[in-house]
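These notes concern the structure reproduced below.
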Amino acid sequence: MTGKNEGPLVLGIETSCDETGVGIVRGHQLLANQVASSVDEHVRFGGVVPEIASRAHLAALQPTLERALAEADVALDDLDAIAVTAGPGLAGALVVGLSAAKTLAWSLNKPLYGVNHLIGHIGVDQLDHGPLPTPAIALLVSGGHTNLLLVNRLADDVRSIGTTIDDAAGEAYDKVARVLGLPYPGGPAIDAAAQTGDRQAIRFPRGLTARHDRAKHQFDFSFSGLKTAVARWVETEQLADQPIPVNDVAASFQEAVADVLTAKTVAACQHFGVDQLVLGGGVAANSRLRTLLAERAAAAGVTLRRPRPAWCTDNGAMIAAVGVELIEAGIAASSLDIGAQPNLAVEEVSL
Ligand code: KG4
Ligand code: ZN
């Protein structure tokens, strides 16, 4: 079912945060991936404003859908199913995508699949590298979530083995960027600044890696102490009238994040005896994380799959990819009265 012209033809709609995404996928082949971002409207607030995001989704959805259909050169009638992000995310933003998806499913008489956004970040890799061999460990790092997952079957058997006990990795990037006077979203800005910085310049703390923390939080993460350490370091320098070496701070912060994420992820592979690893989420676009994880996975004999950076941030194709997975696994379609689930648990792949 996974050849070039095989597999179900699925439309995916994503509106959980500030990206309006519509993707079209046939099996594991990407046919269209159109994204309209409202990020520019949030920049001056230093973070996503939910009301602005919802209104932007309303304005962007129809044209984004039309562009995706044109890009894929398919008609709505050709679709086998509609997949949509049901959660987690901003309630008002999710509702826009859900309403559109339900309307399409109802009027076209096609099945609807309410999908977990986080699983989309893992499933998108299949569009690049084909079916994910399981069991696999997945490291999911986004703006709102940081999870280590044991994936037995992407469609319905995903277990959380670790998470952040405070900030998400992407959140730490966004907050540290603000401290350094870099723009929102912070991840790409820090990644760029770090290219010319010295990652050994400052030794920032690695959360939950001390022996006593590891006993209770072996595969959990903490980034709030790191964020505070960066803010203190910058403040101390400013009080001493020292110029801030932004690129060195960015590189050293990035190294602390990548070091702890990769060390715990590879340790999880070894602990669970799993030799397949997949990376996903907006922070998976980070250059240092990608490189260090590849090095450490290779050293441990673990095969790493990384979706291309452009597909790591929010998009509709990743939601369509999960729709395909659900159909191929024979999972029942969702009811047309599903609601937005802002706090949907990562183990709940579909509604
Ligand atoms: O997955 P995503 O697009 O949205 C959520 O589901 O949250 O992730 C957005 C996050 C933001 O925090 C952003 O700063 C971060 O991903 N990000 C990066 C990079 N590109 C995006 N973080 C580090 N390095 C990057 N290159
Ligand atoms: Zn996301």
Side-chain angles (χ1 to χ4, degrees), residues 12-21 23 33 35-39 42-43 46-48 50 53 57 84-90 93-94 97 115-125 138-147 149 163-164 167-180 182-195 197 199 223 226-227 250-251 253-262 279-293 306-319 321-322 341-344 346:
I13 298 180
E14 153 62 34
T15 65
S16 68
C17 193
D18 56 350
E19 257 60 75
T20 310
N33 199 13
V35 178
S37 178
S38 64
V39 67
H42 307 286
V43 168
V48 175
H57 286 309
V84 61
T85 302
L90 303 169
L94 289 166
V115 165
N116 190 315
H117 174 88
L118 303 175
I119 303 303
H121 278 304
I122 306 300
V124 74
D125 180 74
L139 172 63
L140 171 67
V141 275
S142 74
H145 294 82
T146 303
N147 291 91
L149 306 170
T163 188
T164 177
D167 294 347
E171 200 178 346
Y173 268 93
D174 295 336
K175 288 176 175 170
V176 164
R178 208 177 307 175
V179 167
L180 292 177
L182 296 171
Y184 173 85
I190 290 186
D191 201 349
Q195 298 301 320
R199 54 180 181 256
F223 296 107
L226 169 61
K227 167 197 70 190
F253 159 77
Q254 179 159 287
E255 189 65 12
V257 175
D259 182 22
V260 68
L261 284 173
T262 54
L279 178 64
V283 183
N286 185 259
S287 61
R288 182 61 185 150
L289 176 61
R290 294 173 77 87
T291 304
L292 194 58
L293 192 55
R306 302 170 298 185
R308 69 187 70 179
W311 293 356
C312 289
T313 46
D314 294 348
N315 63 78
M318 69 190 216
I319 303 306
V322 180
Q341 304 268 330
N343 301 312
L344 188 63
V346 69

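Every value quoted in this text rests on a predicted model; they were computed, and no experiment measured them. Both counts, for ligands and for their atoms, begin at 1 and track the order of listing.
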Which of the atoms in ligand 1, numbered in the order shown and given with their element, are less than 4.0 Å from a heavy-atom of [X]?
| X | answer |
| --- | --- |
| G144 | 7 (O) |
| T313 | 3 (O) |
| D191 | 24 (N), 25 (C), 26 (N) |
| G170 | 12 (O) |
| G187 | 14 (O), 17 (N), 18 (C), 19 (C), 22 (N), 23 (C), 24 (N), 25 (C) |
| H117 | 6 (O) |

Side chain, backbone, both or neither: which part of D174 comes within less than 4.0 Å of ligand 1 when only heavy atoms are counted? side chain

Classify the contact between H145 and ligand 1 as side chain, backbone, both or neither, using a heavy-atom distance cut-off of under 4.0 Å. neither

Which is closest to [atom] in terms of heavy atoms, [options]?
| atom | options | result |
| --- | --- | --- |
| atom 2 (P) of ligand 1 | N286, V141, V257, D314 | D314 |
| atom 10 (C) of ligand 1 | A284, G143, P309 | G143 |
| atom 15 (C) of ligand 1 | I190, V48, V283 | V283 |

Ignoring angles and geometry beyond distance, decide whether G282 reaches within less than 3.5 Å of ligand 1 through its nitrogen or oxygen atoms. yes

Backbone or side-chain N or O of H121 under 3.5 Å from ligand 1 N or O: yes

Carefully, step by step, assess D191 and R288 under the rule salt bridge (Lys or Arg N to Asp or Glu O under 4.0 Å). CA-CA 8 Å; D191 201 349; R288 182 61 185 150; over 6 Å; no

Please report the shortest heavy-atom distance between G316 and N33, naming the atom on each side. N-OD1, 3.7 Å

Under the 3.5 angstrom rule, does the side chain of [X] hit a backbone N or O of [Y] as a donor-acceptor pair?
| X | Y | value |
| --- | --- | --- |
| S37 | V39 | yes |
| T15 | G97 | yes |
| N315 | W311 | yes |

So do the side chains of L261 and L293 get within less than 4.5 Å of each other, counting heavy atoms only? no

Going by the rule ring pair (Phe, Tyr, Trp, His ring centres under 6.0 Å), which residues pair with H57 if we only count those two or more places apart in sequence or in a different chain? none

Give the C-alpha distance, both sets of side-chain angles, the deciding distance and a yes or no for side-chain hydrogen bond (donor to acceptor under 3.5 Å, both in side chains) between Q195 and S287. CA-CA 9 Å; Q195 298 301 320; S287 61; 3.1 Å; yes

Determine whether any heavy atom of A285 lies closer than 4.0 Å to an atom of ligand 1. yes

Which is it for D125 and R306 under the salt bridge (Lys or Arg N to Asp or Glu O under 4.0 Å) test, yes or no, and what are the steps along the way? CA-CA 7 Å; D125 180 74; R306 302 170 298 185; over 6 Å; no

For the pair M318 and H117, evaluate side chain to side chain contact (heavy atoms under 4.5 Å, CB included) and give the outcome as yes or no after the intermediate values. CA-CA 8 Å; M318 69 190 216; H117 174 88; 3.2 Å; yes

Sub-2.8 Å protein N, O or S atoms surrounding the Zn ion (ligand 2): H117 NE2, H121 NE2, D314 OD1

